[in-house]
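Reviewing the structure listed below.
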Amino acid sequence: MLPPSGAQVPDIAPVNRDPWTAFADRQPEPSTHNAAGETTWFNWTQYPDHGPGVELLGKPGTVLDLGCGSGRNTAHLAVRGARAVGVDFSPVMLPRARERWGDVPGLSFVQREAVDFLKETDTLFDAIYSVRGAVWFTDPDVLLPLLRTRLAPHGLLVFSHEPPIEGCYGAQGTYVRRKNGGPPVPLVRWAHTPEQWREILVRHGFDRVDTEMVDAPDPAYVPTMLVRAAPSPN
Ligand SMILES: C[S@@+](CC[C@H](N)C(=O)[O-])C[C@H]1O[C@@H](n2cnc3c(N)ncnc32)[C@H](O)[C@@H]1O
């Protein structure tokens, strides 16, 4: 049985914008190369050079990254030949992504809130993914119905986030500290177990839900949960 999700927090996006600016301000410069010496690569986890890679997305022709941050994952897909769109509402991260990857053919970045972007776009994507991004920080009952309409019938949804702490499910609030002091800013995210995600996704028209827990390099640290689902036939 799932806890109630969206009812108490109908439009959280404005609340969630500020903490991401605070978060982005504290981010170090992204690495320019991975351990294999590559300049673009794909990482689903919070640990460098760890876990599965871009193969989880198959070979999409069109692909959407929800909450793309610095844009490196999105750039990696464009370099492999996809038409890739990275969406992020951060006024810090999105310009950084454009500056770093703006000249990669087939790649575009849109500074937009994920729900707003999905309402406005008319593109059908072969794959939509989110690496510890907007899917984690948006009410699934609001995001998934829209996302479902922008996913091609043969498409794939894949996302990752840290698993919930046992007993703490649904909408969770926390405070993010600012780099240079000042009052902390609230942030809300939605934490669900693999079983809860399965139920939510099926409710919103997905099937073939597949989940995986990727251990941290040191298993004492927090693992990463990966969820894959496909749209069910209409
Ligand atoms: C933890 S960072 C991950 C960034 C990137 N996916 C990565 O793996 O490096 C989360 C990102 O999601 C973005 N984000 C969170 N909620 C969002 C929303 N509702 N719409 C658009 N972007 C969002 C934040 O601005 C931030 O850049």
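As the structure is a prediction and not an experimental result, all values here were calculated from the model. Whatever order the structure lists ligands and atoms in, that order sets their numbers, starting from 1.
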Please say whether [X] places an N or O atom under 3.5 Å from an N or O atom belonging to ligand 1.
X    : result
D88  : yes
F137 : no
G67  : yes
S70  : no
V131 : yes

How long is the straight-line distance from [atom2] of [Y] back to [atom1] of [X], given to the nearest 0.5 Å?
X    : Y    : atom1 : atom2 : result
Q111 : R98  : CD    : CZ    : 6.5 Å
F159 : T211 : CZ    : OG1   : 9.5 Å
H76  : L107 : NE2   : CG    : 12.5 Å
L143 : H204 : CG    : NE2   : 9.5 Å
F117 : R150 : CZ    : CZ    : 9.0 Å

Enumerate the atoms of ligand 1 whose separation from the nearest heavy atom of [X] is less than 4.0 angstrom.
X    : answer
R132 : 1 (C), 2 (S), 3 (C), 10 (C)
S90  : 25 (O)
R112 : 21 (C)
T138 : 19 (N)

Quick one: look at C68 and ligand 1, take heavy-atom pairs under 4.0 Å, and tell me if it's side chain, backbone, both or neither. backbone
Structural part of F89 in contact with ligand 1, heavy atom criterion under 4.0 angstrom: both
From the options E212, H161, Q46, select the one residue that forms a side-chain hydrogen bond (donor to acceptor under 3.5 Å, both in side chains) with T224. Q46
Within-shell test, R72 vs ligand 1, heavy atom, strictly < 4.0 Å: no
Name the residue from L66, L147, V142 that meets the side chain to side chain contact (heavy atoms under 4.5 Å, CB included) definition with V115. V142
Determine whether the aromatic ring centres of residues F42 and Y129 are separated by less than 6.0 angstrom. yes
